Amino acid sequence: MLKPYTPALDMSDIQATVLRPRPSPYVGEYVVLRIDDAAQGREMLRRIIPHVAPADEWWVPSLPGWLGIAFTYQGLKALGLPQASLDSFPVEFRQGMAARAAILHDFGGNAPSNWEYPFGNSDMHVALAVYSDNEQHLGEILARAGQSHHDLAHVSVVYRMRFNELPGGRNPFGFRDGLHNPHVEGSVAEEDGFVPAASNASIKAGEFVMGYPDELGQTALAPIPGELRHNGTFVAFRKFHMDVAAFRKYLRAHASSPEEEELLAAKMVGRWRSGAPLVLAPDHDDPALGGDATRNNDFSYADDMKGLKCPFSAHTRRINPRDALKDDVVNVNLHKFLRRGTNYGSALPEGVLEDDGAERGGVFLLIGAHLQRQFEFVQSQWATDGNFISHGAEQDPLVGNNDGEGVFTIPKIPVRRRLHGLPCFVSVRGGEYCFMPGLRALQWLARLGDNAD
Ligand code: HEM
């Protein structure tokens, strides 16, 4: 039988941010622009395109950093995209993340009314994600980005935020992050020297980039025209504040020793702070395992179907159940996305249990061709509802909207342990849905007004 034809990915046309990890160490900045004049918006785009990094330039970059560019629905409108094309985008993208708050469980402190400007506001048009490996290079690439609009009165910067890697590649809670991502079929060249873990099966490229077959064998037909969508994708941008003092205090109050605190923290996350997965290291942290990229993702939940090693409700198990739902009707491959996370702010010094009022946390770019069945499904069904693991309304202990009422169940023999009173350890500071086009599509967008001029 003939193998189904899978077109090779056009790495020179797909933005690096989609398929490539961020550098380590990294520094960077997110910049948001507002466009008040379509022609000036397109001029800005023409000037910035040469600085946008394609995926094939990740390993040997010709630029001092990596710039990614994406547009909100309002941004595409401001650039003058024809109505028929605007109407062809999926409803969740057209509405924007704030309008989806009820689905995403963004209420209480996480409600869009509490978000930072310009999130949830129609002023957010163009989002730039700029990464570099050092401050000097970052300054150079930011200067180039700035040149694209410095003399354009109707293109303005409405938001800037710096981000940087914390010591040891840890997040503010002290966990190593950025360890797992799905393996995109056709995205890795042998010369990259990267060997995906055997248990991390390849996922069809169409799940993450439009123009290729997805897990259902379908190739995206919208948005139109094809020139705009080919090699493009969607990004769910989420900015979180992390309340590190609250996390430490909760551990202290519910454990009887520092070792037990560490175990409880690992049970909430599904990995030890070093990154070692609980299913491979159930009793003690194993820093060598955590730091070994060939082993720290090579695991499944098949030997832990009672959750005695890694609780069903642990963040990583809920949000990426791997083979844990294999008896279920759910096809987990339809709910994967690429995750590009960065941290911001300084670390709260070791041992401090009182909040110092500083802003610190993480920004996630959750990337995939299907916002609704990927990010929205995972956020609404797996992160903020416990039904799929028979845990009623129990939410993710780390990223759930718990608000002081949260519950966390740790399976144990002879009796499970159930913790109560979990607060929100993380709060949403803002978010938005963006469309991240391929490089030729950026050119197409920049030429939009040519016939009218
Ligand atoms: C402030 C918020 C968050 C924190 C502190 C956090 C923390 C972590 C940590 C420590 C890991 C394990 C290491 C790694 O692979 O990076 C992880 C994995 C993961 N997180 Fe989060 N996360 C947050 C938000 C989210 C959100 C909003 C999503 C998606 C809706 C998400 C999806 C995932 C996925 C898919 C994994 C991989 C799981 C695996 O290893 O199998 N996370 N997260």
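For clarity, every value in this text was computed on a predicted model and none was experimentally measured. Every number for a ligand or one of its atoms is a count from 1 in the order of the listing. Residue indices begin at 1 and follow the sequence shown.
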Residue and atom name of the nearest protein heavy atom (relative to [atom]), distance in Å to one decimal:
atom	result
atom 16 (O) of ligand 1	Gly178 N, 2.7 Å
atom 13 (C) of ligand 1	Arg176 O, 3.5 Å
atom 40 (O) of ligand 1	Arg271 NH2, 3.0 Å
atom 14 (C) of ligand 1	Leu179 N, 3.3 Å
atom 27 (C) of ligand 1	Phe240 CZ, 3.6 Å

Within 45° cone of [Y] ring axis and under 6.0 Å: [X] NZ or CZ:
X	Y	value
Arg317	Tyr301	yes
Arg322	Phe299	yes
Arg273	Phe175	yes
Lys239	Tyr344	yes

Checklist entry - Are any non-hydrogen side-chain atoms of Leu128 and Glu29 less than 4.5 angstrom apart? => result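 Counting from C-beta outward, Leu128 and Glu29 never come under 4.5 Å.
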
Checklist entry - Nearest to atom 10 (C) of ligand 1 by heavy atom, Tyr301, Phe299, Phe175: which? => result Phe175

State which residues pass side chain to side chain contact (heavy atoms under 4.5 Å, CB included) with [X]; sequence neighbours excluded, sorted by chain then number.
X	value
Pro182	His180, Ile203, Phe208, Lys336, Leu338
Asp177	Arg22, Asn171, Asn343
Ser427	Asn110, Arg429

Item to check | Heteroatoms of the protein, restricted to N/O/S, which lie under 2.8 Å from atom 21 (Fe) of ligand 1 | outcome: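 Within the sphere that stays under 2.8 Å of atom 21 (Fe) of ligand 1, the protein atoms of type N, O or S are His315 NE2.
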
Checklist entry - For Asn297, is at least one N or O under 3.5 Å away from an N or O on ligand 1? => result no

Next on the checklist: Pairs of nitrogen or oxygen atoms closer than 3.5 Å, one from His180 and one from ligand 1: do any exist?
Outcome noted: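 Yes, at least one N or O pair falls under 3.5 Å.
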
Item to check | ligand 1 contact by Arg322, heavy-atom criterion under 4.0 angstrom | outcome: yes

Item to check | Lys336 touching ligand 1 at heavy-atom level, < 4.0 angstrom | outcome: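 The answer is no: ligand 1 sits nowhere under 4.0 Å from a heavy atom of Lys336.
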
Checklist entry - What is the distance from atom NE2 of His370 to atom CZ of Phe234, rounded to the nearest 0.5 Å? => result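 Between His370 NE2 and Phe234 CZ, I get 9.5 Å after rounding to 0.5 Å.
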
Checklist outcome for this item: Here the gap from Phe377 atom CZ to Leu371 atom CG, rounded to the nearest 0.5 Å, amounts to 15.0 Å

Item to check | For Phe337, the ligand 1 atoms whose distance to one of its heavy atoms is below 4.0 Å | outcome: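 Reading through ligand 1 atom by atom, the close ones are 29 (C), 30 (C).
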
Checklist entry - Between Phe163 and Tyr26, what is the ring plane arrangement, given parallel below 30°, perpendicular above 60°, and tilted in between? => result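 Ring orientation, 0 to 90° scale: tilted.
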
